[in-house]
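Quick notes on the structure that follows.
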Number of protein chains: 2
Amino acid sequence: MEDKYLSIMQFSKLMREVFRIIKKRIGETNEDDLKITPEQIGLLHAISMTDEDVIQKDMAELMGKDKSAILRLIDSLEEKELIRRVVDKNDRRKNYLMVTKHGDRVLKNYLAIVYEIMDEIQEGISESDIATFKKVLARVKHNAEKL
Amino acid sequence: MEDKYLSIMQFSKLMREVFRIIKKRIGETNEDDLKITPEQIGLLHAISMTDEDVIQKDMAELMGKDKSAILRLIDSLEEKELIRRVVDKNDRRKNYLMVTKHGDRVLKNYLAIVYEIMDEIQEGISESDIATFKKVLARVKHNAEKL
DNA sequence: TAAATTAGTTGTAAATATCAACCAATTAAT
DNA sequence: ATTAATTGGTTGATATTTACAACTAATTTA
């Protein structure tokens with residue numbers, strides 16, 4: 001009956017599974033810098049990926065979270081010296097979010113582990129199926145944004 | 001560079017987006033019974049879907065969470081009278097988890113909304129692409145379980 | 001019968017989230 | 001130009017979820 005639908009429940013579980021694997025691998029490296037929560041790395045990654053410099057408000061919108069939630073994530077990233085708040089000279093209400101060198105390094109190392117896992121997780125799946133998967137995902141994302 | 005990989009970060013964001021939409025739609029219905037968290041409905045759904053009667057330990061394994069986390073989710077579901085704990089007569093350590101009529105009703109109504117959203121979210125995607133998507137997902141899940 | 005295992009519970013602590021109230025800086029309106 | 005409104009960020013309060021460890025009670029195994 002629900003066969004034609006993507007199952008959001010199964011999605012959630014898969015995500016938990018993947019983050020469990022990431023956590024395990026990170027633990028094995030003994031690199032304390034990498035011991036960072038999914039939410040924190042997600043935000044760091046998002047800040048690092050944007051084409052333009054961003055302020056806190058931008059990230060709240062981009063991540064689809066309340067500005068206070070973002071603020072606290074930023075606090076935790078700043079405490080770990082992975083990013084820095086830089087006040088806009090022209091509009092002193094705004095904090096630009098800058099990734100530190102250390103932040104770059106940590107992100108890179110983290111992603112290396114993630115890609116390693118992704119390689120294993122995608123084993124046996126053809127490139128064209130991966131492409132289709134990504135195409136569907138992009139479309140779903142597009143459709144979802146309008147709702 | 002990271003083009004051949006599925007992006008776990010984007011995945012997370014999409015999931016948040018979908019749950020945001022669900023929450024919004026639920027809010028519009030004004031049905032208080034449906035105001036239930038994603039984790040709670042996820043567990044209710046999982047309990048309802050199993051072929052055999054399950055105990056708490058089973059759900060912890062199935063959901064990939066600590067047994068105490070499951071226990072507290074069960075507490076919250078029981079408080080809302082969506083499920084009931086029933087002690088096994090032969091082994092009094094075990095609690096079978098039974099979905100109440102009310103629980104069935106709430107789950108059904110919730111899923112109706114989810115399916116409605118899924119219809120909109122899958123618009124413009126061919127059935128064969130959806131099928132491929134699900135195939136990939138199943139394979140990913142399978143691969144992930146071994147790690 | 002004693003020891004080990006199993007299922008569930010409780011305490012504690014951390015992380016995340018939202019909402020509302022608030023301040024300070026900036027912009028718009030009268 | 002002064003007041004009013006808006007904007008970006010912060011704080012406080014509260015709720016949910018999670019894991020880990022220590023524990024109890026019931027059942028099995030030795």
Side-chain angles (χ1 to χ4, degrees), chain A residues 9 12-13 15-24 26-27 32 35-44 46-47 53-80 82-97, chain B residues 12-13 15-17 19-20 22-24 26-27 35-44 46-47 53-80 82-97:
Chain A
M9 314 287 191
S12 308
K13 200 199 153 188
M15 296 263 307
R16 270 201 310 275
E17 193 71 4
V18 173
F19 277 119
R20 184 189 58 74
I21 296 166
I22 293 174
K23 188 179 173 188
K24 192 175 144 200
I26 299 271
D32 283 350
K35 272 161 198 151
I36 179 173
T37 69
E39 298 303 334
Q40 287 168 10
I41 200 78
L43 178 58
L44 179 60
I47 292 172
D53 287 338
V54 286
I55 60 173
Q56 300 187 190
K57 187 201 71 147
D58 298 331
M59 292 320 296
E61 282 168 14
L62 196 61
M63 308 284 288
K65 298 186 186 185
D66 189 87
K67 54 185 178 168
S68 63
I70 291 294
L71 177 136
R72 273 145 190 161
L73 279 178
I74 288 170
D75 284 347
S76 69
L77 289 180
E78 208 175 23
E79 189 159 353
K80 292 189 164 104
L82 300 173
I83 64 169
R84 227 168 257 133
R85 286 172 165 101
V86 179
V87 178
D88 184 347
K89 286 192 174 59
N90 301 321
D91 185 343
R92 290 179 13 251
R93 290 171 303 182
K94 298 180 183 171
N95 290 336
Y96 284 110
L97 304 174
Chain B
S12 306
K13 200 198 155 190
M15 295 261 309
R16 271 202 309 276
E17 192 71 5
F19 277 120
R20 184 189 59 74
I22 293 174
K23 190 179 174 187
K24 192 175 145 201
I26 298 271
K35 272 161 198 149
I36 178 173
T37 69
E39 297 305 331
Q40 287 167 9
I41 201 76
L43 178 58
L44 179 60
I47 293 171
D53 288 338
V54 286
I55 61 174
Q56 300 186 191
K57 186 201 70 146
D58 297 331
M59 293 320 296
E61 282 169 13
L62 197 60
M63 308 284 289
K65 298 185 187 184
D66 189 85
K67 55 187 176 166
S68 64
I70 290 295
L71 177 137
R72 272 143 190 162
L73 279 177
I74 288 170
D75 284 346
S76 69
L77 289 180
E78 207 174 24
E79 190 160 353
K80 291 189 165 108
L82 300 172
I83 64 169
R84 226 168 259 133
R85 284 172 165 102
V86 179
V87 178
D88 184 346
K89 285 191 175 60
N90 301 320
D91 185 342
R92 292 186 3 257
R93 290 171 305 182
K94 298 180 181 171
N95 290 336
Y96 284 110
L97 303 173

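Just so it is clear: chains get the letters A, B, ... in the order the sequence lines come, proteins before strands, and each one is counted from 1. As the structure is a computational prediction, the values presented were derived from the model and not from experiment.
The side chain of B:Q40 has D:dT17 as its nearest neighbour among D:dT17, C:dA24, D:dT10. With C:dT18, C:dA7, C:dT26 as the candidates, the nucleotide lying closest to the side chain of B:K23 is C:dT18.
With B:K13 contributing its side chain and A:L62 its backbone, the two residues share a donor-acceptor pair below 3.5 Å.
Within the nucleic acid shown, A:R85 comes within 4.0 Å of sugar-phosphate atoms alone, with no base atom in reach, counting heavy atoms only. At the heavy-atom level, B:N90 lies under 4.0 Å from the strands shown only through sugar-phosphate atoms.
Few gaps surround CZ on B:R16; more than 12 heavy atoms of other groups in view lie less than 6.0 Å from it. The number of heavy-atom neighbours closer than 6.0 Å to NZ of A:K35, taken from other residues, nucleotides and ligands shown, is above 12.
Not one side-chain nitrogen or oxygen of A:K94 sits closer than 4.0 Å to the OP1 or OP2 atom of D:dG8. Regarding contacts with the backbone of D:dT27, a side-chain N or O of B:R92 is found under 4.0 angstrom from either OP1 or OP2. Distances shorter than 4.0 Å separate none of the side-chain N or O atoms of B:R93 from OP1 or OP2 on C:dT6. Between B:Q56 and C:dT9 there is a side-chain N or O to OP1 or OP2 distance below 4.0 Å.
For A:T37 and A:D91, each mapped to the nucleotide of DNA chain C holding its nearest heavy atom, the one lying further toward the 5' end belongs to A:T37.
Side-chain contact check for B:D53 versus B:D58: every heavy-atom pair is 4.5 Å or farther apart. Residues B:I36 and B:L82 have side chains in contact (heavy-atom distance under 4.5 Å, counting atoms from C-beta outward).
Here the P atom of nucleotide C:dT16 and the CG atom of A:L44 are 13 Å apart, to the nearest Å. Whole-Å rounding puts the A:K13 NZ to D:dT18 P distance at 14 Å. Distance CG (A:D75) to C1' (D:dG12): 14 Å, rounded to an integer number of Å. A:M63 places its CE atom 11 Å from the P atom of C:dT16, with the value rounded to the nearest Å. Distance, B:E78 CD to C:dG8 P: 12 Å, rounded to whole Å. Computed from coordinates, the B:L97 CG to C:dT9 P distance equals 10 Å when rounded to whole Å. For the pair B:F19 CZ and C:dT18 P, the computed distance is 14 Å after rounding to whole Å. We find that CD1 of A:I55 is positioned 14 Å from C1' of D:dT10, with the value rounded to whole Å.
With sequence neighbours excluded, the residues that form a side chain to side chain donor-acceptor pair (under 3.5 Å) with B:S68 are B:D66.
Taking every heavy atom of both residues into account, B:L97 and B:R85 meet most closely at CD2-CG, 4.1 Å.
Of all the residues in residues 64-74 of chain A, A:K67, A:S68, A:L71, A:R72 reach under 4.0 Å from DNA chain D with at least one non-hydrogen atom.
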